[in-house]
Amino acid sequence: MTSPDAVAALLHRLDLIASGLEASGWALALLGLGSVGAELDRMDQFSDLDFFVVARDGQVGALLEDLSWLGDGLVQAFRNTPDGFKVLFEDGVYGEFAVFDEAALREASFVNARVVWLAPDAPRDLPLRRRPAATATARLDGAARTHHLGEALTNLLVGVRRFRRGERLSAWQFTQVYALGHALALAADATPPAPGWADAFGLERRFEARYPGLAAHLGACLPGLDGTPGAALGLLNLLEELRLPEWAGALPLAGQVRREAGAALAGPAALDARGRLPG
């Protein structure tokens with residue numbers, strides 16, 4: 001349940017930052033992003049404080065070198081890019097920000113910004129790149145579906161074989177990261193989402209809320225480091241249930257994955273004299 005006090009604290013911190021920027025004389029604007037941007041309706045006590053600072057000409061360096069404009073209570077500041085920092089305040093508020101001059105802002109990649117503060121002489125046409133909550137995404141064509149399906153199945157096969165060799169970390173990555181990503185891309189393309197904000201940069205964000213039926217499969221697809229064979233079977237079942245036109249052409253590969261995952265569940269594979277799987 002969302003805590004009104006926590007949400008108010010986040011917005012208050014943003015107001016303090018705006019006041020600090022105004023007092024510094026180095027900035028033209030403060031733009032909120034994500035859940036403190038135009039998507040305020042999804043803000044909760046777990047939200048980050050994501051924002052852009054628009055610097056006056058020649059003042060980007062000053063804003064990055066002297067963080068006093070962030071206000072009191074800053075306990076950690078990690079410069080993670082040439083343009084910005086990740087920061088933590090003593091009240092637990094965590095934020096990420098970047099500083100751009102006006103020209104660089106117009107070239108930056110972002111969506112759904114909100115003006116938090118604007119200097120009197122700031123341009124009134126700063127880009128905000130608003131988009132509707134129910135953004136229609138382009139459907140995958142046949143070539144893209146074939147690519148995702150082929151990548152998912154080959155990653156599963158490699159993952160199962162590495163698991164049987166004893167390379168459990170690599171096996172986990174191939175099945176529960178690489179293959180999962182391709183499988184979810186196919187599943188989301190084939191499934192109408194529930195209303196709500198889609199993330200422009202990552203399908204995994206808010207996946208449970210947008211695709212509750214698909215999310216019910218995640219436990220079987222993500223059993224952990226020792227569960228690669230089960231993950232492979234769970235992902236195969238998910239892919240098969242999608243009834244993709246391309247599935248029939250992938251049956252030989254899917255069958256190989258299913259056989260080897262089943263063998264891995266049945267017991268250790270017989271290794272040759274060099275400790276390798278036969279073939």
Trainee: Please name the pair of heavy atoms, one in Ala232 and one in Ala261, separated by the smallest distance, quoted to 0.1 Å.
Mentor: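 Scanning both residues completely, I find the closest heavy atoms to be CB-CB, 4.2 Å.
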Trainee: Please say whether more than 12 non-hydrogen atoms of neighbouring residues, nucleotides or ligands are located less than 6.0 Å from CD in Glu241.
Mentor: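 Yes, because the 6.0 Å sphere around CD of Glu241 holds more than 12 heavy atoms from other groups.
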Trainee: Tell me, with the steps shown, if His148 and Glu151 meet side-chain contact (heavy atoms from CB on, under 4.5 Å).
Mentor: CA-CA 5 Å; His148 280 299; Glu151 286 291 331; 5.9 Å; no
Trainee: How many angstroms lie between atom CG of Leu70 and atom OG of Ser24, to the nearest 0.5 angstrom?
Mentor: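 Spacing of CG (Leu70) from OG (Ser24) equals 10.5 Å.
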Trainee: How close do Met43 and Ser47 get, counting heavy atoms only, and between which atoms?
Mentor: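 Of all heavy-atom pairs spanning Met43 and Ser47, the closest is CA-OG, 3.6 Å.
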Trainee: Evaluate whether atom CG of Asp72 has more than 12 neighbouring non-hydrogen atoms of other residues, nucleotides or ligands under 6.0 angstrom away.
Mentor: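 Count not over threshold, so no.
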Trainee: Please name the pair of heavy atoms, one in Ala231 and one in Pro223, separated by the smallest distance, quoted to 0.1 Å.
Mentor: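 So the minimum-distance heavy-atom pair works out to CB-CD, 3.5 Å.
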Trainee: Could you pull out the closest heavy-atom pair between Ala113 and Ala38, with the gap in Å?
Mentor: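 Closest pair (atom of Ala113, atom of Ala38, distance): O-CB, 4.1 Å.
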Trainee: So do Val87 and Glu96 actually touch side chain to side chain, heavy atoms under 4.5 Å?
Mentor: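 Sidechains of Val87 and Glu96: no contact.
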Trainee: Would you call Arg258 and Glu240 a salt bridge, using N to O less than 4.0 angstrom?
Mentor: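 Answer for the salt bridge query: yes.
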Trainee: If you measure from the Lys or Arg side-chain nitrogens to the Asp or Glu carboxylate oxygens, is any gap between Arg56 and Asp121 under 4.0 Å?
Mentor: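 So Arg56 pairs with Asp121 through a salt bridge.
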Trainee: Has the side chain of Arg124 got a donor or acceptor atom that lies under 3.5 Å from a matching backbone atom of Ala122?
Mentor: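 The answer is yes, because a donor-acceptor pair under 3.5 Å joins these two groups.
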Trainee: What is the minimum heavy-atom distance between Leu21 and Ala27, and which atoms define it?
Mentor: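 Closest pair (atom of Leu21, atom of Ala27, distance): CD2-CB, 3.9 Å.
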Trainee: Go through it in stages, so that I can follow the logic: the residues are Arg168 and Thr228, the test is side-chain contact (heavy atoms from CB on, under 4.5 Å), and I'd like the CA-CA distance, side-chain angles, deciding distance and then a yes or no.
Mentor: CA-CA 8 Å; Arg168 302 214 166 182; Thr228 287; over 6 Å; no
Trainee: Look only at the side chain of Arg13 and the backbone of Leu16, and say whether a donor-acceptor pair between them is shorter than 3.5 Å.
Mentor: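 Not at all, since once roles are kept as given, no pair shorter than 3.5 Å links the two residues.
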Trainee: Do the side chain of Asp189 and the main chain of Leu140 share a donor and acceptor less than 3.5 angstrom apart?
Mentor: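 Answer holds: yes.
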Trainee: Would you kindly say whether Ser68 and Asp66 are connected by a side-chain donor-acceptor distance under 3.5 Å?
Mentor: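 Asp66 and Ser68 do have a side-chain donor-acceptor pair below 3.5 Å.
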Trainee: When you compare the side chains of Gln176 and Tyr178, does any donor N or O come within less than 3.5 Å of an acceptor on the partner?
Mentor: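 Result is no, nothing qualifies.
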Trainee: Measure the spacing between CZ of Arg129 and CG of Leu105 and express it to the nearest 0.5 Å.
Mentor: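 Interatomic distance, Arg129 CZ to Leu105 CG, rounded to 0.5 Å: 6.5 Å.
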Trainee: Check whether any side-chain heavy atom of Val116 sits under 4.5 Å from a side-chain heavy atom of Ile17, and report yes or no.
Mentor: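 Of all side-chain heavy-atom pairs linking Ile17 with Val116, none is under 4.5 Å.
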Trainee: Run the numbers on Val177 and Trp172 for side-chain contact (heavy atoms from CB on, under 4.5 Å), then give the verdict.
Mentor: CA-CA 7 Å; Val177 179; Trp172 167 84; 3.7 Å; yes
Trainee: Decide side-chain contact (heavy atoms from CB on, under 4.5 Å) for Asp83 and Val99; before the verdict, give the C-alpha distance in whole Å, the side-chain angles of both, and the deciding distance to 0.1 Å.
Mentor: CA-CA 6 Å; Asp83 305 310; Val99 180; 5.9 Å; no
Trainee: Tell me, with the steps shown, if Phe85 and Trp69 meet ring pair (Phe, Tyr, Trp, His ring centres under 6.0 Å).
Mentor: CA-CA 13 Å; Phe85 285 80; Trp69 51 270; 8.7 Å; no
Trainee: Once rounded to the nearest 0.5 Å, what's the spacing between atom CG of Leu238 and atom CG of Leu218?
Mentor: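 Leu238 CG to Leu218 CG: 8.5 Å, rounded to 0.5 Å.
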Trainee: Please say which of Phe100, Phe51, Phe52 ends up in a ring-ring contact (aromatic ring centres under 6.0 Å, His included) with Phe110.
Mentor: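 Answer after filtering Phe100, Phe51, Phe52: Phe52.
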Trainee: Between Asp125 and Arg106 (salt bridge meaning N to carboxylate O under 4.0 Å), is one present in this structure?
Mentor: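 Yes.
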Trainee: Rounded at 0.5 Å granularity, tell me how far CG in Leu63 sits from CZ in Phe97.
Mentor: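 Leu63 CG to Phe97 CZ: 8.5 Å, rounded to 0.5 Å.
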Trainee: Within the 4.5 Å heavy-atom criterion, are Leu186 and Arg145 side-chain neighbours or not?
Mentor: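 In contact.
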Trainee: Just by distance, do the side chain of Arg162 and the backbone of Ala171 share a donor-acceptor pair under 3.5 Å?
Mentor: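 Judged by distance alone, no pair lies under 3.5 Å.
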Trainee: What are the two closest heavy atoms between Asp50 and Val36, and how far apart are they?
Mentor: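 That would be O-CG2, 3.3 Å.
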Trainee: I'd like to check Leu149 versus Leu253 (side-chain heavy atoms, cut-off strictly below 4.5 Å). Are they in contact?
Mentor: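 Counting from C-beta outward, Leu149 and Leu253 never come under 4.5 Å.
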